[in-house]
Engineer: 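Okay, handing you the structure first.
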Amino acid sequence: MFPISVLIPTRNSATYLGAHLASIRRWLGQVEEVIVVDSFSEDGTVELLRSGLQHPMVKFLSHPTGLYQSWNYGVQHATAEYLYVSTVGDSITPAGLIHLLQTAERFQSDVILSPPVFQKLNGRVLHNKQWTIHRYLRAQATLQPSALPSSHLFLTSVFAGASGMMGSSASNLYRTATLKAIPFPTEYGHIGDTAWGVAHAFEIRAALTPERCARFLLH
């Protein structure tokens, strides 16, 4: 059993839930707990999750709308050592999740970052699309997991603007205790995780891997 709490934030997500449940079933039985935080969905999202999530430790929570507010609320209920945010539509492979966990433990990191693969709704993979983390890995010729210097996390995020170095949290793994002590900021729209990395770059231990562990759905 992996010491991972999986956070699934939802709000009227029924359209994508069938594919998402099929994806997470590949590794669901290996994680410690699952936490659903739903923001008052009206399309049957919660009902689909209640019937489709087969795990002995599932928590269903409700929270008003607000992306990172809901994330933070779910984090406070997590009990495993690490936390993975499984955003509906995005996916991670079983091997990818294991790789992030092993890398986090190897470097004793508070967050481990990985470059996502970009996929459109029709399933087409965009091989040429890149974020800051992809360009950084190429510029540094990074071929193996490594610690990420605080100055690099800060400066690359500052100069990259909204894209930052954090990429997609669906490609990352966090230390739960760190997120409980330093929650995501809620005043930066949809880039709260990027802002978190900038604001706390010199307080946290970060690592990164060139392994493409997860897919980010463009929609």
Side-chain angles (χ1 to χ4, degrees), residues 2-7 20 23-24 26-27 30-31 80-87 89-120 123-176 178-179 184 190-219:
F2 303 143
I4 298 174
S5 295
V6 176
L7 173 62
H20 193 70
S23 172
I24 67 176
R26 295 180 295 166
W27 46 257
Q30 300 178 70
V31 299
E81 184 175 2
Y82 296 97
L83 185 129
Y84 175 69
V85 182
S86 181
T87 51
D90 301 332
S91 62
I92 191 168
T93 65
L97 192 60
I98 293 171
H99 178 71
L100 291 183
L101 175 61
Q102 291 175 337
T103 305
E105 292 183 329
R106 174 183 172 188
F107 293 99
Q108 290 296 292
S109 59
D110 297 304
V111 60
I112 166 71
L113 312 177
S114 73
V117 174
F118 298 99
Q119 182 175 314
K120 299 190 72 174
R124 186 165 68 91
V125 174
L126 304 181
H127 297 284
N128 295 325
K129 183 173 177 59
Q130 295 189 335
W131 280 346
T132 301
I133 186 170
H134 300 82
R135 293 188 287 270
Y136 177 88
L137 288 165
R138 186 177 68 252
Q140 296 290 317
T142 304
L143 301 177
Q144 300 292 332
S146 62
L148 177 62
S150 297
S151 58
H152 289 205
L153 175 58
F154 178 77
L155 290 172
T156 52
S157 295
V158 166
F159 287 108
S163 63
M165 264 291 281
M166 298 292 292
S168 163
S169 280
S171 303
N172 305 335
L173 187 70
Y174 297 88
R175 186 177 298 278
T176 303
T178 302
L179 283 183
F184 291 108
H190 66 282
I191 59 168
D193 37 1
T194 294
W196 184 87
V198 173
H200 305 291
F202 294 98
E203 302 172 52
I204 62 174
R205 289 170 295 182
L208 81 170
T209 176
E211 188 77 22
R212 298 196 173 197
C213 301
R215 294 200 170 199
F216 181 82
L217 185 66
L218 295 168
H219 58 86

Engineer: Looking only at non-hydrogen atoms, find the nearest pair between G192 and F184 and report the distance.
Structural biologist: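 Taking G192 first and F184 second, the nearest heavy atoms are O-CD2, 4.1 Å.
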Engineer: Below 4.5 Å, heavy atoms only, C-beta onward: do L126 and L218 meet side chain to side chain?
Structural biologist: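 The answer is yes; the side chains approach within 4.5 Å.
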Engineer: Give a yes or no on whether the backbone of M165 and the side-chain of T132 come within a donor-acceptor separation of less than 3.5 Å.
Structural biologist: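 Judged by distance alone, no pair lies under 3.5 Å.
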Engineer: Which pair of non-hydrogen atoms, one from P210 and one from L137, has the smallest distance, and what is that distance?
Structural biologist: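 Heavy atoms of P210 and L137 come nearest at CA-CD1, 3.9 Å.
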Engineer: Give, for atom CD1 of I24 and atom OG of S86, the distance between the pair rounded to the nearest 0.5 Å.
Structural biologist: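 Here the interatomic distance stands at 5.0 Å.
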Engineer: Between the side chain of N172 and the main-chain N/O of M166, is any donor-acceptor distance below 3.5 Å?
Structural biologist: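 Yes, the answer is positive, given that a donor and an acceptor are paired below the 3.5 Å cut-off.
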Engineer: Spell out, as yes or no, whether a donor-acceptor pair under 3.5 Å connects the side chain of H20 to the backbone of D90.
Structural biologist: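 Between the backbone of D90 and the side chain of H20 there is a qualifying donor-acceptor contact (under 3.5 Å).
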Engineer: Heavy-atom count around F202 CZ within 6.0 Å, excluding the residue itself: above 12?
Structural biologist: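 Yes.
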Engineer: Compile the donor-acceptor pairs under 3.5 Å between side chains in residues 112-120 and protein atoms, sequence neighbours left out, one pair per line.
Structural biologist:
from, atom 1, to, atom 2, distance (Å)
S114, OG, S171, O, 2.5
Q119, OE1, R215, NH1, 2.8

Engineer: Compile the donor-acceptor pairs under 3.5 Å between side chains in residues 143-153 and protein atoms, sequence neighbours left out, one pair per line.
Structural biologist:
from, atom 1, to, atom 2, distance (Å)
S150, OG, A201, O, 3.0
H152, ND1, Y136, OH, 2.6

Engineer: Let me confirm one number: the CZ-OG1 distance from R212 to T93, rounded to the nearest 0.5 Å.
Structural biologist: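 Between R212 CZ and T93 OG1, I get 13.5 Å after rounding to 0.5 Å.
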Engineer: Considering non-hydrogen atoms only, spot the tightest contact between C213 and I92 and give its length.
Structural biologist: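 Scanning both residues, the minimum pair turns out to be O-CG1, 3.2 Å.
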Engineer: Show the nearest heavy-atom pair for residues Q30 and R26, with the distance to one decimal.
Structural biologist: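 Scanning both residues, the minimum pair turns out to be NE2-O, 3.8 Å.
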Engineer: May I ask you to check whether W27 and F2 place their ring centres under 6.0 Å from each other?
Structural biologist: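 Centroid distance F2-W27: not below 6.0 Å, so no.
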Engineer: First locate atom CD1 of I4, then atom CG of L173, and finally report the distance between them rounded to the nearest 0.5 Å.
Structural biologist: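 Interatomic distance, I4 CD1 to L173 CG, rounded to 0.5 Å: 5.0 Å.
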Engineer: Could you tell me the separation between the CG atom of L179 and the CH2 atom of W196, rounded to the nearest 0.5 Å?
Structural biologist: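 Result: 5.5 Å between the selected atoms.
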Engineer: Verify side-chain contact (heavy atoms from CB on, under 4.5 Å) between Y174 and L7, making sure each step is shown before the conclusion.
Structural biologist: CA-CA 11 Å; Y174 297 88; L7 173 62; over 6 Å; no
Engineer: Sequence neighbours excluded and cut-off under 3.5 Å, please list the side-chain donor-acceptor pairs for residues 95-110, or say none.
Structural biologist:
from, atom 1, to, atom 2, distance (Å)
H99, NE2, T209, OG1, 2.7
T103, OG1, H99, O, 2.7
Q108, NE2, E105, O, 2.9
D110, OD1, T178, OG1, 2.7
D110, OD2, R205, N, 2.8

